[in-house]
There are 2 protein chains.
Amino acid sequence: MSARKTGLDATGDARPAAAPVTIQAVAAAAGVSKTTVSHVLSGNRPVSAETRRRVEKVMDDLGFSPNFFAQALNRNRSNTIALIAQDITNPFYPALARGLQAAVSNQDQVVMLFDAGAGEGALTHAFVADAIQRRADGVVIAVSDVDDDIARLREAGIPVVAVGSGASKLPIDWVTADDERIAADAVMHLHLLGHRRIATITGPLNHTPGKPRYLGYLRAMQDLDLPVEPEMIEHGEWTRESGFDAMARLAARHDRPSAVFCANDMMAIGALDAARRSGLAVPEDVALIGVDDIDAASLVRPALTTVRIPAEEIGRAAGELLLHRIAEGMTTTHRHVLVQHVLMTRETS
Amino acid sequence: MSARKTGLDATGDARPAAAPVTIQAVAAAAGVSKTTVSHVLSGNRPVSAETRRRVEKVMDDLGFSPNFFAQALNRNRSNTIALIAQDITNPFYPALARGLQAAVSNQDQVVMLFDAGAGEGALTHAFVADAIQRRADGVVIAVSDVDDDIARLREAGIPVVAVGSGASKLPIDWVTADDERIAADAVMHLHLLGHRRIATITGPLNHTPGKPRYLGYLRAMQDLDLPVEPEMIEHGEWTRESGFDAMARLAARHDRPSAVFCANDMMAIGALDAARRSGLAVPEDVALIGVDDIDAASLVRPALTTVRIPAEEIGRAAGELLLHRIAEGMTTTHRHVLVQHVLMTRETS
DNA sequence: CTGAAAGCGCTTACAG
DNA sequence: CTGAAAGCGCTTACAG
């Protein structure tokens, strides 16, 4: 660690931890049984107003807080939801986490965060093991290609909802954006603006969301009776550099496109640089549209037109699905939610 | 929720949850006592190789996984660290979370995430109550002005490390960036480039890090024997708009600065827009430097020179401090870590 | 409306 | 090297 310590300071008072007060202590002080204390706590059984008041006062005076583990051991419920995220450094996941927290916290659920760090599947396996061992009430899994992990969770009897895995072959609750429609809507938007020669810079085609966004482009072009030309299809790797290179190639053509649908914002920002480098004005010479609405999309000049994926809402929906599933238990029916995207028209189109 | 459901599909198999296998069951199947099973699990007592092998095989066959709550109830340890973050939507916090996870996960600790959602203190109080109730082994608190919450945690006997609270009056472990030096180093950088007329756009001055960054500016100007002129000090609110406005005012002066230290990147990006709007070339007419190194800093054109705060390292340091504190118990000495920032020289200076 | 007692699934002195 | 038993702090039939 390249940190420098500034040494110690010794002003602190070190009170020993307060004596842990148990339900037993409360019962004694209130002159009732543990049973009764437990019931004023849970409300599972009527307690006379007078007794209740007395017990509550004692709890307050003693600062009683029921032991979470003892409760969980009895109820066999952890009130904890695990979120396994692909890469928390990607703003999509924090927003997802926030929505999830919002949806489940009023049910007294807390979220346990696992960040796979954009790494390989090994970490995810470990996280799933943790979630099982800690008896999570449910897990939201926002990592792709993890059917085996999902299966393990279900064997352990833990409800799962997958995010962004319309791709999963497993019967399971999931919520995702409609990537194919996102792409189609982006193309429609360009078409409405008068563009006919529309290119695309795709992501990797073997995975979600690269593939559905590509298919959406194709579908829209066909629906609009626009010719799909192989020269108008460039492949990127989600990165700014790959977007730059792809756009440079398109710009160099004598029959260059008048508009480009980029499958994400990073590539679109790269494309923006390349366009200007090639002396093309945006949007006059080429219009550009991305997907995601990352922070930088609105900070860049000209500000990027893009399709926003409501990550927070996805998190909220995932939380609601999970709560349902927890309440219902495993059944044979599964819910799927497609969350609505929104077109953010800015300056590049 | 503005989502549309696509209905249900009914392909799933709904295997009932596997019968929970206990230590008792393992003991029976292996022909030993629970005591022995417990010890092969914990390694707290020698077990003959032969017995150990047999028990381990049974555990494997039965898919035994010890009940986390029963363990926690006995050991009085949750192996859980709570992270209370100001606003997980701000990229600083996810990076912090990642560093924290990295530091504590090899000690079998898991992180419980609480996102205060940039909201007021009420939520933080609730989170602290949760952390206490769930018997977190420790908490990292990355919210400012929460001395009362910190006090409650200490009363409950829970170790705390604060992030970014050099400001706290409490004797406590903390880790933070050296905001005053960050500002001073930024000014030094501009000075080295030949600038003498250096302005600043500050953040709010009543809090960390607005105040220390302002003080660092003052200190550096004095150290460099540069005059501190009130006209060269503009106050912003961390936002892009406030940066824009502040820069517009500076640009309008006949004695405008040749360089501006902006206390964060958002304001610097606003300043960049304003400078160009005023017909000033960056960095030829005005040089600009920010703080944070948000994603957009390198995506904007010209790319923003800034000072990077290593959030992930802060998280890692906080995790290490916390682990220490958990191991040592409350003592009267406290550790403080100042994490090293790094100058990212790009195109605006 | 209230209690005594069994039980949740582990760990850990105590004893051999 | 191994076990029987008490105990961690709750919840919940069962009984009154």
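Here is the naming used below: chain letters follow the sequence lines, and residue numbers restart at 1 for every chain.
- Here CZ of B/Phe68 is found 8.5 Å from OG1 of A/Thr80. Values are rounded to the nearest 0.5 Å.
- In summary, A/Arg335 and A/Asp173 do not engage in a salt bridge, as defined by a charged side-chain N under 4.0 Å from a carboxylate O.
- For B/Phe69 and B/Asn44, each mapped to the nucleotide of DNA chain C holding its nearest heavy atom, the one lying further toward the 5' end belongs to B/Phe69.
- Atom CG of B/Asn76 is separated from atom P of C/dC10 by 18 Å (rounded to the nearest Å).
- Side chain of A/Glu312 to backbone of A/Gly99: no donor-acceptor contact under 3.5 angstrom is found.
- When heavy atoms are screened at a 4.0 angstrom cut-off, B/Ser48 is found touching the sugar-phosphate backbone but no base atom.
- Distances shorter than 4.0 Å separate some side-chain N or O of B/Ser33 from OP1 or OP2 on D/dG3.
- The separation between A/Arg135 atom CZ and C/dC8 atom P is 14 Å, rounded to whole Å.
- Between the CZ atom of A/Arg52 and the C1' atom of C/dT2 there is a distance of 13 Å, rounded to whole Å.
- When rounded to the nearest whole Å, the span between CG of A/Asn67 and C1' of D/dT11 equals 13 Å.
- Note on A/Phe64: only backbone sugar-phosphate atoms sit closer than 4.0 angstrom, heavy atoms only; bases stay farther off.
- Remark: A/Thr36 is in phosphate contact with C/dG3, judged by side-chain N or O atoms under 4.0 Å from OP1 or OP2.
- The CD1 atom of A/Ile23 sits 13 Å away from the C1' atom of C/dG3 (whole-angstrom rounding).
- Contact annotation: the side chain of A/Asn90 approaches that of A/Asp87 to within less than 4.5 Å [non-hydrogen atoms, C-beta and beyond].
- Between B/Arg152 and B/Glu155 there is no salt bridge, since no side-chain nitrogen of the basic residue lies less than 4.0 Å from a carboxylate oxygen of the acidic one.
- Atom pair A/Phe68:CZ and D/dT11:P shows a separation of 12 Å (rounding to whole Å applied).
- Comparing D/dC10, C/dC8, D/dC8 against the side chain of B/Leu73 picks out D/dC8 as the nearest.
- For DNA chain D, if you chain together Watson-Crick or G-U pairs that step i with j, i+1 with j-1 and so on, the runs of at least three with distances under 3.5 Å are C:1-3 with D:14-16, C:5-12 with D:5-12, C:14-16 with D:1-3.
- Residues A/His125 and A/Asp148 have side chains in contact (heavy-atom distance under 4.5 Å, counting atoms from C-beta outward).
- Put simply, B/Thr51 has a side-chain N or O that comes within less than 4.0 Å of OP1 or OP2 on D/dT2.
- Residue A/Ser38 places at least one side-chain N or O under 4.0 Å from the OP1 or OP2 atom of D/dT11.
- Across all strands shown, A/Thr35 has heavy atoms under 4.0 Å from base atoms, whether or not it also approaches the sugar-phosphate.
- In this structure, A/Glu320 does not pair ionically with A/Arg316, as no charged nitrogen and carboxylate oxygen lie closer than 4.0 Å.
- One finds a salt bridge joining A/Asp61 and A/Lys57 here, because a Lys/Arg side-chain nitrogen approaches an Asp/Glu carboxylate oxygen to under 4.0 Å.
- Side chain B/Arg45 to base D/dT2: a donor-acceptor pair is found below 3.5 Å.
- Under 4.0 angstrom from either OP1 or OP2 of C/dT11 there lies at least one side-chain N or O belonging to B/Gln71.
- In terms of position along DNA chain D, the nucleotide closest to B/His39 lies nearer the 5' end than the nucleotide closest to the other residue of the pair B/Asn74 and B/His39.
- Note: CD (A/Gln24) to P (D/dT11) measures 13 Å, nearest angstrom.
- Taking the nucleotide of DNA chain D with the nearest heavy atom to each of B/Lys34 and A/Pro66, the more 5' of the two is matched to B/Lys34.
- Contacts of A/Arg75 with the nucleic acid, taken as non-hydrogen atoms under 4.0 Å apart, involve only primed sugar atoms and P, OP1 or OP2.
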